[in-house]
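We count ligands from 1, going down the list as the structure has it; atoms in each ligand are counted the same way. Computed from a prediction, not measured in an experiment: that's the story for all the values here. Residues: numbered from 1 along the sequence shown.
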Amino acid sequence: MMMKVFVAAALAVATLAASVQGQAPAPSPAGLPKYPLMQPALPYPYSAQEPLIDNTTQMLHWSKHLATYYENVNKAIMPFPALQVLTVEQMMPAAGTSAVPMNISKAVRNNAGGVYNHLLFFKILMPATAATNASNNSMLPQQVGQAINQTFGNYTVFKKNFTEAALSVFGSGWAWLTVAKNGSLAIETTPNQDNPLMVGAGYSGNQPILGIDVWEHAYYLKRQNRRPEYIMAWWYVVNWPQVNMNYMAATSGNKTMITSYASS
Ligand SMILES: *[C@@H]1O[C@H](CO)[C@@H](O)[C@H](O)[C@H]1NC(C)=O
Ligand SMILES: *[C@@H]1O[C@H](CO)[C@@H](O)[C@H](O)[C@H]1NC(C)=O
Ligand SMILES: *[C@@H]1O[C@H](CO)[C@@H](O)[C@H](O)[C@H]1NC(C)=O
Ligand SMILES: *[C@@H]1O[C@H](CO)[C@@H](O)[C@H](O)[C@H]1NC(C)=O
Ligand SMILES: *[C@@H]1O[C@H](CO)[C@@H](O)[C@H](O)[C@H]1NC(C)=O
Ligand SMILES: *[C@@H]1O[C@H](CO)[C@@H](O)[C@H](O)[C@H]1NC(C)=O
Ligand SMILES: *[C@@H]1O[C@H](CO)[C@@H](O)[C@H](O)[C@H]1NC(C)=O
Ligand SMILES: *[C@@H]1O[C@H](CO)[C@@H](O)[C@H](O)[C@H]1NC(C)=O
Ligand SMILES: *[C@@H]1O[C@H](CO)[C@@H](O)[C@H](O)[C@H]1NC(C)=O
Ligand SMILES: [Fe+2]
């Protein structure tokens, strides 16, 4: 046991040193602490959403912005072994509770939130295809499609409401489609890198299954201040089969898969 902890600590230090030097650190063997949290590989090229979301924006967004959230959350929890065994899903709602020391509570909230939110954001994107264009016209997978019909009447109403929510975010933040404990859907918005799973601030505790990042870094390079144009383009590259899987995960229990990537 002591040996295991020692090996893990040595590994953590070694991998952190490696990542400081810009090399890809080796993943933690199963069963050892999660520290440092490691950014997975993006399962599609940065250009996959061209021309709707451009290559350079996706490259900067994934390899700089998201990487910085990883770096900063790892830095914040470096002095706290008790936090280093947590997954980001566990750590994020702990910020603001006594589980996270006060002097890093803001850093954990913003950066663990940033990690979680971006993993979800990139996971539900795909290239624009005939299928995504069809889903733009309401051909959604069965389960989430029915749930959308039940809550909003039809896809058109849902899309309009969600778009309005995303437009209404003041400054930087997110709009979400979430699943409540009883399985019903809701549209919610959060500021900064918050999300509905966070503790406090009147958040629902609902599980997000679809989210759009409306920070300017998500669209400014190609579209400057034209957030409405970015949102319309984004609808064409939403991976509805993945959102459907997220919906089923949210209603049937395995929420881990919503932000997991094959390489992590
Ligand atoms: C996307 O950007 C990367 C790195 O910036 C570049 O190497 C690649 O050629 C670009 N691909 C396309 C399809 O534009
Ligand atoms: C928070 O406090 C710990 C000691 O309890 C210290 O090691 C760490 O550097 C502090 N972090 C910040 C961001 O002040
Ligand atoms: C889907 O629609 C987008 C936006 O109009 C367009 O750029 C793209 O070429 C279309 N793709 C297919 C396969 O129809
Ligand atoms: C996508 O949906 C919008 C309405 O929400 C419609 O105006 C547009 O023609 C649709 N585009 C495609 C390629 O089906
Ligand atoms: C949702 O309702 C529309 C009619 O408004 C219907 O065409 C569509 O098939 C329904 N979707 C599902 C998955 O039941
Ligand atoms: C959708 O938006 C309309 C108009 O803003 C509102 O009346 C309605 O309650 C919203 N529906 C849902 C399910 O959020
Ligand atoms: C969706 O529902 C709204 C409100 O009931 C209705 O006005 C609209 O015609 C419906 N659209 C479709 C495509 O069914
Ligand atoms: C499900 O729960 C939400 C609150 O989380 C509530 O607003 C909604 O009315 C409930 N729906 C049903 C069908 O019970
Ligand atoms: C939940 O999903 C994750 C990722 O897909 C998987 O690794 C894990 O084994 C699943 N857990 C259960 C209990 O099915
Ligand atoms: Fe972002």
Side-chain angles (χ1 to χ4, degrees), residues 49 52 92-93 113 116-117 120-121 123-216 218-219 223 225-255 257-259:
Q49 285 80 38
L52 296 160
M92 192 186 57
Y116 186 90
N117 295 348
L120 178 52
F121 175 76
K123 188 151 177 186
I124 53 95
L125 294 184
M126 65 184 283
T129 62
T132 58
N133 287 355
S135 72
N136 173 62
N137 283 340
S138 88
M139 287 169 62
L140 298 188
Q142 194 64 19
Q143 292 87 346
V144 75
Q146 273 174 1
I148 283 174
N149 280 356
Q150 255 159 38
T151 304
F152 302 98
N154 60 44
Y155 178 75
T156 311
V157 173
F158 157 70
K159 189 169 167 185
K160 182 166 168 291
N161 282 26
F162 189 93
T163 299
E164 278 165 10
L167 286 170
S168 78
V169 173
F170 181 75
S172 298
W174 293 75
W176 310 99
L177 176 64
T178 68
V179 182
K181 304 252 172 338
N182 62 13
S184 72
L185 297 178
I187 294 171
E188 306 180 49
T189 63
T190 55
N192 308 316
Q193 293 299 352
D194 283 4
N195 76 49
L197 290 170
M198 283 180 176
V199 167
Y203 291 159
S204 61
N206 289 354
Q207 173 64 52
I209 58 169
L210 168 73
I212 183 169
D213 184 348
V214 295
W215 283 55
E216 282 187 343
Y219 60 89
R223 304 186 187 276
N225 60 338
R226 301 188 298 277
R227 189 191 290 183
E229 197 184 289
Y230 158 67
I231 297 169
M232 288 324 291
W234 173 84
W235 284 113
Y236 287 97
V237 291
V238 170
N239 185 340
W240 280 104
Q242 183 61 53
V243 177
N244 197 48
M245 282 191 260
N246 290 351
Y247 173 72
M248 293 196 282
T251 50
S252 72
N254 190 357
K255 297 180 179 178
M257 65 153 288
I258 293 176
T259 46

Review point. Considering the options L185, T151, I187, N149, which one meets the side-chain contact (heavy atoms from CB on, under 4.5 Å) requirement together with F158?
Key: I187
Write none if no such pair exists; otherwise list each N/O atom of ligand 6 with its protein N/O partner under 3.5 Å and the distance.
unit_1	atom_1	unit_2	atom_2	d
ligand 6	2 (O)	N161	OD1	2.7
ligand 6	2 (O)	N161	ND2	2.5
ligand 6	11 (N)	N161	ND2	2.8
ligand 6	14 (O)	N161	ND2	3.3

Check your understanding: Which ligand 5 atoms does N154 reach within 4.0 Å, using its non-hydrogen atoms?
Key -> 5 (O)
Check your understanding: If you count the atoms of ligand 5 from 1 in the order shown, which ones are under 4.0 Å from a heavy atom of G145?
Key -> 13 (C)
Exercise for review: Given side chain to side chain donor-acceptor pair (under 3.5 Å), test D194 with Y203 step by step and report yes or no.
Suggested key: CA-CA 9 Å; D194 283 4; Y203 291 159; 2.9 Å; yes
**Study point:** Full working for side chain to side chain contact (heavy atoms under 4.5 Å, CB included) between V144 and L210
**Key:** CA-CA 11 Å; V144 75; L210 168 73; over 6 Å; no
Review point. Step by step, would you call Q207 with K255 a side chain to side chain contact (heavy atoms under 4.5 Å, CB included)?
Key: CA-CA 8 Å; Q207 173 64 52; K255 297 180 179 178; 3.4 Å; yes
Review point. Pick from N195, N117, T190: which one makes a side chain to side chain donor-acceptor pair (under 3.5 Å) with W176?
Key: T190
Check your understanding: What atoms of ligand 7 come within less than 4.0 Å of a heavy atom belonging to T156?
Key -> 13 (C)
Exercise for review: Apply side chain to side chain donor-acceptor pair (under 3.5 Å) to W174 and Q193, showing your working.
Suggested key: CA-CA 8 Å; W174 293 75; Q193 293 299 352; 2.8 Å; yes
Point to revise | Residues I212, F162; criterion side chain to side chain contact (heavy atoms under 4.5 Å, CB included); working and verdict | key: CA-CA 10 Å; I212 183 169; F162 189 93; 3.6 Å; yes
Review point. Using 30° and 60° as the class limits, which term best fits the ring planes of Y155 and W240: parallel, tilted or perpendicular?
Key: perpendicular
Exercise for review: Report, in ascending order of atom number, the atoms of ligand 5 lying under 4.0 Å from any heavy atom of Q142.
Suggested key: 13 (C)
